Amino acid sequence: MTFVDRFRAIRQKKHLSQGDIEKRCGLLRCYLSRVENGHIAPKLATLDKLASALEIPTYQFFCEDEESPVPLTITLPNPDPYPKTIKEVRWFRSLRKALSKINQRDRRLLLDLTNRIVSLKNKRDSIKLRILKRSNVLRLPKALPARTSQPPAKAVGQ
C-alpha cells in the first residue's frame, strides 16, 4: 500500500472530507487533492500537519498495522578507540593540547614514526616489530618516507 492509498484510507475511515482536513490543518483543498491523487509528494512538515489533522502519529502513513514500529538501535562497530573513563578523556585532552603546540618539523617526524608503526603492525603476521636501541636513538625497520612538499636542498658553492 502506497502513501497515497494509506492517506485516503485513513481519511475515509475517520469519515473526513478534504474540506474537513483543510479546516483542521490549513492546507488548501486543491493541494490535498493533488497529494491524494499522487501528483505531489508532501514534505515532512506537511506530513506532520496532515497527521495532526487526522489525529494519528506520522508513522502510520507508512505502516499498515496499528502497532508502533520497533525503534531502530544503532551500535558503533568498534567502540574500543573511544575513551571510556574520565581518566582517558583527560589523557586525550592533554595529548591534543601537546600536539597542537609542536612545530611542523616535529609533526612530520611524529607522523612518519606513526606511519611506520602502523605499517609494521599491519604486517605483524610476517614481520615482528623490532625496535633496537642504539646510542639512545630508536631505530625502526625501514618503511616508506613521509612525503614533504619542500624541494631538496641545494649544495652551496657548486
Side-chain angles (χ1 to χ4, degrees), residues 1-129 140-141 143-151:
M1 184 177 265
T2 63
F3 165 76
V4 173
D5 299 330
R6 186 78 179 136
F7 174 65
R8 182 179 293 126
I10 293 171
R11 182 182 63 79
Q12 290 174 350
K13 182 180 177 182
K14 294 197 176 266
H15 304 289
L16 295 172
S17 67
Q18 290 178 353
D20 296 333
I21 296 176
E22 176 186 19
K23 291 174 187 171
R24 289 183 177 194
C25 66
L27 296 172
L28 297 176
R29 190 181 306 185
C30 61
Y31 179 79
L32 294 172
S33 174
R34 286 183 277 169
V35 167
E36 207 171 275
N37 290 320
H39 298 292
I40 294 176
K43 294 183 180 179
L44 188 58
T46 308
L47 286 176
D48 286 337
K49 287 181 183 180
L50 291 173
S52 65
L54 293 170
E55 299 172 349
I56 60 168
T58 308
Y59 72 84
Q60 281 191 357
F61 286 131
F62 306 103
C63 296
E64 294 191 22
D65 54 352
E66 299 296 323
E67 296 180 16
S68 61
V70 177
L72 178 66
T73 56
I74 299 173
T75 58
L76 294 174
N78 186 7
D80 293 336
Y82 303 105
K84 296 178 184 174
T85 63
I86 298 295
K87 188 175 181 180
E88 289 177 352
V89 170
R90 287 181 183 149
W91 185 83
F92 275 108
R93 282 182 187 162
S94 65
L95 179 65
R96 185 179 65 195
K97 188 176 181 180
L99 290 176
S100 69
K101 293 179 181 179
I102 65 174
N103 61 25
Q104 187 66 26
R105 182 172 177 247
D106 292 340
R107 187 174 289 130
R108 272 194 235 121
L109 176 68
L110 182 64
L111 288 173
D112 183 43
L113 179 67
T114 307
N115 185 21
R116 288 181 186 195
I117 289 172
V118 168
S119 67
L120 289 173
K121 187 177 180 183
N122 291 339
K123 297 176 185 178
R124 181 179 13 186
D125 296 335
S126 60
I127 302 172
K128 291 187 177 182
L129 179 62
L140 294 173
L144 294 175
R147 294 182 183 176
T148 60
S149 59
Q150 298 176 353

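Small disclaimer: the values here were computed from a predicted structure and weren't measured.
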What heavy-atom pair brings A51 and P57 nearest, and what distance separates the two atoms? CB-C, 4.2 Å
Close side-chain approach of P42 to F3, heavy-atom, < 4.5 Å: yes
Taking the side chain as C-beta and beyond, is there a heavy-atom pair between R8 and N37 under 4.5 Å?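 Touching, per the 4.5 Å side-chain cut-off.
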Can you tell me if [atom1] on [X] sees more than 12 non-hydrogen neighbours from other groups inside 6.0 Å?
X   : atom1 : value
R90 : CZ    : no
K14 : NZ    : yes
I86 : CD1   : no

Test K49 against T58 for side chain to side chain contact (heavy atoms under 4.5 Å, CB included), laying out the working first. CA-CA 9 Å; K49 287 181 183 180; T58 308; over 6 Å; no
Run the side chain to side chain contact (heavy atoms under 4.5 Å, CB included) check on L50 and I21 step by step: do they pass? CA-CA 8 Å; L50 291 173; I21 296 176; 4.1 Å; yes
Closer than 3.5 angstrom, by distance alone: can the side chain of R24 be matched with the main-chain N or O of L54 as a donor-acceptor pair? no
L110 backbone acceptor or donor facing T114 side chain under 3.5 Å: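 Yes; at least one donor-acceptor contact below 3.5 Å.
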Between R11 and E36, does any side-chain N to carboxylate O distance fall below 4.0 Å? yes
What is the distance from atom [atom1] of [X] to atom [atom2] of [Y], rounded to the nearest 0.5 Å?
X    : Y    : atom1 : atom2 : answer
D5   : F61  : CG    : CZ    : 13.0 Å
K13  : I56  : NZ    : CD1   : 9.5 Å
L113 : D106 : CG    : CG    : 12.0 Å
E22  : C30  : CD    : SG    : 8.0 Å
F7   : Q60  : CZ    : CD    : 13.5 Å
L95  : R93  : CG    : CZ    : 13.0 Å

